Amino acid sequence: MLESQSGRLERSRSSQLTETSFLADVNRTALRTFSARASDLLLQMAIEQLTNVGKQLRPRLVYGLGQAFEVDSSHLIGWATACEILHNATLVHDDLQDGDQWRRGIETIWKRFGVAQAVNLGDFLISVAPLPLFESEIEPSVQVAIARLYSVTAARIVNGQSFEPLLNEMRSIATLEEDYLKCIAQKTSALFAGIARGVAIIAQRDEAFQAQIESLFFDLGAIFQIQDDILDLFGDKRRETKGCDIKEGKVSFLVVTHLKNYPDDLNLIRSILTKPREQTSENDVQIISQLFEQRGTLATALSELEELMARVRNAEVLQMESKLADFVRGFAAQVLVPIQHLGNLSW
């Protein structure tokens, strides 16, 4: 049975952690989970991966939504931990598949410990990620629902990752945008949407609301991916250099946007993207960068990003939930900070 609004309010007053305390509890829970299931090198790698922290955007998302939905924050630690461990698993495997040697200023797992051990660590993280859910102070039926959501979300992410090598082959310029959107829908948006739906489940909101919040954060996930694609070439992602996506041969939102408007540049862009990574020079990256700036592709991409933001701003669920609207406004602003210098991107 769904919990009443007054019941949620009463429950939320009982135990609310600060965001700092919440994030610390998430890290402690993850480390406890690792220690109980791994030893020696596997444990060392898991700890090193987790402690090389980024913005912790995903557990912050869980916390912020919990505040908006007036959920006891201690009930969200298991879900936030599961999502953060899953995210780190995808980073380990992504770095391996992309050949990235650095992440957040530190050598990546595969570079330091080898390909086989990176595969092992990623598999381990995916396997243990849902375990903290069953330590959560939530009803068993909710635990099961969340665990099922975890499996569905993880499968969608892997499915999206399987699209990426095919996308990067650029087999058909006519379907390039469709292929790109299909890839990021599964690879990136699925986790944002799943995280949000999970918090709504824990908050015991009804199915209709869960679907609305999932759709909203699906779009926010797309916003995050598009800004990340732009950031790679025109900002600082704390990797070894700018233009890693170019060196990895990735079809980014910028590539898609450019070829949609300038299909005659396909051969030039393909000749650079299909080079082996070690043969792609800084001059190659500069050629692509200048092409995107001079022919207005960057400006067009920023404009399309603003249109997607407008769709999020006008989402019906935000008109009905003022606390949710406030959180989404702040969350979107945080996501866009790294590319704010490129244009007037505002809520």
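Note that the coordinates shown come from a computational prediction; the quantities given were computed from them, not determined experimentally.
- The shortest distance between side-chain heavy atoms of I223 and L336 falls below 4.5 Å.
- Between L291 and Y262, the closest side-chain pair of non-hydrogen atoms is not below 4.5 Å.
- Here the closest non-hydrogen pair linking L342 and L302 is O-CD1, 3.6 Å.
- In this structure, F209 is a member of the same hydrophobic cluster as I146, with clusters built from ILVMFWY side-chain heavy atoms closer than 4.5 Å.
- With a 6.0 Å radius and a threshold of 12 heavy atoms from other residues, nucleotides or ligands, D40 has its CG atom at or below the threshold.
- Distance alone, capped at 3.5 Å, places no donor-acceptor pair between the N88 side chain and the I85 backbone.
- The side chain to side chain contact (heavy atoms under 4.5 Å, CB included) test applied to Q161 returns D94, Q97, E164, K187, not counting sequence neighbours.
- The cluster map of Ile, Leu, Val, Met, Phe, Trp and Tyr, joined by side-chain heavy atoms under 4.5 Å apart, puts L131 and L133 in different clusters.
- Both L324 and I195 sit in one connected hydrophobic cluster of ILVMFWY residues. Membership requires side-chain heavy atoms under 4.5 Å apart, directly or through other members.
- With a 4.5 Å cut-off on side-chain heavy atoms, L176 and K260 do not count as touching.
- Annotation: E278, atom CD; neighbour count of heavy atoms from other residues, nucleotides and ligands within 6.0 Å is above 12.
- Side-chain contact of D72 with S74: a donor-acceptor pair under 3.5 Å is present, judged by distance alone.
- To the nearest 0.5 angstrom, T90 atom OG1 is 9.5 Å from L125 atom CG.
- The pair R329-D326 counts as a salt bridge, with a side-chain nitrogen and a carboxylate oxygen less than 4.0 angstrom apart.
- Expressed to the nearest 0.5 Å, how far CD1 of I138 lies from CH2 of W79 amounts to 10.0 Å.
- The minimum heavy-atom distance between G78 and S136, with the atom names listed, is CA-OG, 3.4 Å.
- A side chain to side chain donor-acceptor pair (under 3.5 Å) with K250 is found for exactly one of D98, N168, D232, namely D98.
- A donor atom on one side chain and an acceptor atom on the other are found under 3.5 Å apart for Q117 and N120.
- Looking at every heavy atom in both residues, E48 comes nearest to R112 through OE1-NH1, 2.6 Å.
- Between T20 and Y63 there is no side-chain heavy-atom pair separated by less than 4.5 Å.
- A distance of 6.0 Å separates CD in E293 from CG in L298, rounded to the nearest 0.5 Å.
- The backbone N or O of G99 lies less than 3.5 Å from no partner atom in the side chain of E248, so there is not a single donor-acceptor pair.
- Checked for salt-bridge contact, E84 and R60 miss the test: no charged N lies under 4.0 Å from a carboxylate O.
- There is a path of hydrophobic side-chain contacts, each under 4.5 Å, that joins L31 to I109.
- Using a 4.5 Å heavy-atom cutoff, the side chains of V255 and S252 are in contact.
- Between V285 and L233, the closest side-chain pair of non-hydrogen atoms falls below 4.5 Å.
- Judged purely by distance below 3.5 Å, without hydrogens or angles, the side chains of Q225 and D229 pair a donor atom with an acceptor atom.
- Taken together through direct or relayed side-chain contacts under 4.5 Å among Ile, Leu, Val, Met, Phe, Trp and Tyr, V128 and L41 form part of one hydrophobic cluster.
- Between the CZ atom in R104 and the CG atom in L91 there is a gap of 5.5 Å [rounded to 0.5 Å].
- Listed for the E70 side chain is no donor-acceptor partner under 3.5 Å among the backbone atoms of G66.
- No more than 12 heavy-atom neighbours from other residues, nucleotides or ligands sit within 6.0 angstrom of NZ on K111.
- For the pair D228 (side chain) and F224 (backbone), a donor-acceptor distance under 3.5 Å is absent.
- Residue T153 comes nearest to G194 through the heavy atom pair OG1-CA, 3.9 Å, listed as atom of the first residue, atom of the second, then distance.
- With respect to the salt-bridge test (charged N to carboxylate O, under 4.0 angstrom), the residues R295 and D265 qualify.
- The existence of a salt bridge linking E282 and K247 is confirmed by a sub-4.0 Å separation between a basic side-chain nitrogen and an acidic carboxylate oxygen.
- Between E107 and Q101 there is no side-chain heavy-atom pair separated by less than 4.5 Å.
- Using a 4.5 Å cut-off on side-chain heavy atoms (C-beta onward), L57 and F331 make contact.
- Atom CD1 of residue I230 and atom CZ of residue F292 lie 11.0 Å apart, to the nearest 0.5 angstrom.
- Judged by distance alone, the side chain of T257 and the main-chain N or O of T297 form no donor-acceptor pair under 3.5 Å.
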D219 and R313: CA distance, side-chain angles, deciding distance, salt bridge (Lys or Arg N to Asp or Glu O under 4.0 Å) verdict: CA-CA 11 Å; D219 284 344; R313 283 196 296 269; over 6 Å; no

